[in-house]
Amino acid sequence: MSTKKEFENDPEKPVSGTSQEPRLTVLWSTVQSAEQAEAIAKGLLQERLAACVQIDSPIISHYVWEGQTCSEKEFRVVIKTTTERTDEVIDWLAQNHPYDEPQIVVLPVEKASPGYARWVAESTSE
């Protein structure tokens with residue numbers, strides 16, 4: 001993320017998670033290819049549903065699917081958004097994800113720097 005003056009931390013301003021700052025969530029999902037991950041990132045950013053989407057290098061997922069033990073290379077997609085937009089992100093992923101049953105995990109952000117929280121909120125505002 002580029003550092004911009006308007007998003008600098010101000011020690012007098014509260015940290016996200018208080019009533020005066022936007023509440024944030026982080027969502028995790030996985031896909032089979034870097035291209036699929038890029039498509040998800042671009043789509044979420046274009047729709048202003050996410051402020052930032054990170055794509056992790058290939059990971060190896062071990063799981064049981066339809067009675068079979070599987071081990072597959074996947075790419076983890078980490079999505080940063082506001083709590084207010086979380087349901088819309090989930091709906092978008094459900095409609096656009098290439099898997100029949102995608103992993104969509106939502107983690108609430110307990111605290112974040114004030115500047116970052118404001119940036120996420122501004123980046124995802126309609």
Side-chain angles (χ1 to χ4, degrees):
M1 180 176 100
S2 300
T3 304
K4 295 184 179 179
K5 192 78 167 165
E6 66 266 25
F7 296 116
E8 281 185 359
N9 290 333
D10 178 349
E12 300 301 314
K13 293 189 178 182
V15 172
S16 177
T18 67
S19 61
Q20 297 177 357
E21 288 294 326
R23 298 197 50 96
L24 308 181
T25 55
V26 174
L27 293 89
W28 283 1
S29 192
T30 55
V31 292
Q32 191 173 25
S33 71
E35 294 78 19
Q36 291 171 338
E38 289 285 341
I40 285 174
K42 287 177 184 176
L44 289 169
L45 293 171
Q46 183 176 0
E47 297 292 325
R48 297 183 63 93
L49 293 173
C52 175
V53 179
Q54 296 170 317
I55 300 168
D56 288 340
S57 296
I59 59 173
I60 305 297
S61 294
H62 302 268
Y63 56 95
V64 175
W65 183 253
E66 298 178 347
Q68 299 293 317
T69 301
C70 303
S71 178
E72 302 285 339
K73 177 178 83 168
E74 293 186 299
F75 291 79
R76 183 177 14 243
V77 180
V78 182
I79 304 157
K80 284 74 169 285
T81 193
T82 59
T83 301
E84 181 178 75
R85 302 297 305 260
T86 299
D87 286 341
E88 293 173 88
V89 173
I90 293 169
D91 291 344
W92 189 95
L93 285 170
Q95 292 174 6
N96 294 282
H97 201 286
Y99 289 1
D100 292 336
E101 189 60 52
Q103 169 192 294
I104 303 173
V105 177
V106 179
L107 305 169
V109 174
E110 188 175 320
K111 292 184 182 181
S113 63
Y116 183 76
R118 285 190 300 276
W119 173 77
V120 170
E122 289 178 17
S123 296
T124 58
S125 64
E126 295 184 66

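Within the structure, the ring-ring contact (aromatic ring centres under 6.0 Å, His included) test picks out no pair touching residues 20-51 (sequence neighbours left out). The list of side chain to side chain donor-acceptor pair (under 3.5 Å) pairs with a residue in residues 100-109, not counting sequence neighbours, is empty. The salt bridge (charged side-chain N to carboxylate O under 4.0 Å, His left out) contacts involving residues 67-77 comprise Asp56-Arg76, where partners must be two or more places apart or lie in separate chains.
Looking at Gln36, its side chain does come within 3.5 Å of a backbone N or O of Gln32 through a donor-acceptor pair.
Shown here are the side chain to side chain contact (heavy atoms under 4.5 Å, CB included) partners of Gln54, two or more places apart in sequence or in another chain: Cys52, Val78, Lys80. Checked against side chain to side chain contact (heavy atoms under 4.5 Å, CB included), Lys42 has the following partners two or more places apart in sequence or in another chain: Glu38. Partners of Ser71 under the side-chain hydrogen bond (donor to acceptor under 3.5 Å, both in side chains) rule, at least two apart in sequence or in another chain, are His62. By the side chain to side chain contact (heavy atoms under 4.5 Å, CB included) test, Glu35 is found to be paired with Ser33, residues two or more places apart in sequence or in another chain being considered. In this structure, the side chain to side chain contact (heavy atoms under 4.5 Å, CB included) partners of Thr83, at least two apart in sequence or on a different chain, are Arg23, Thr25. In terms of the ring pair (Phe, Tyr, Trp, His ring centres under 6.0 Å) criterion, Tyr63 has no residue partners (sequence neighbours excluded).
Using a cutoff of 4.0 Å between basic side-chain nitrogens and carboxylate oxygens, Glu21 and Arg118 are scored as salt-bridged.
If you chain together ILVMFWY residues whose side-chain heavy atoms come under 4.5 Å of each other, Leu27 ends up grouped with Val31, Ile40, Leu44, Leu45, Leu49, Val53, Ile55, Phe75, Val77, Ile79, Val89, Ile90, Trp92, Leu93, Ile104, Val106.
Residues Thr124 and Val120 share a closest heavy-atom pair of OG1-O, 2.9 Å.
Within the 4.5 Å cutoff, the side chain of Thr81 has no heavy atoms near those of the Leu24 side chain.
Here CZ of Arg85 is found 11.5 Å from OG of Ser123. Values are rounded to the nearest 0.5 Å.
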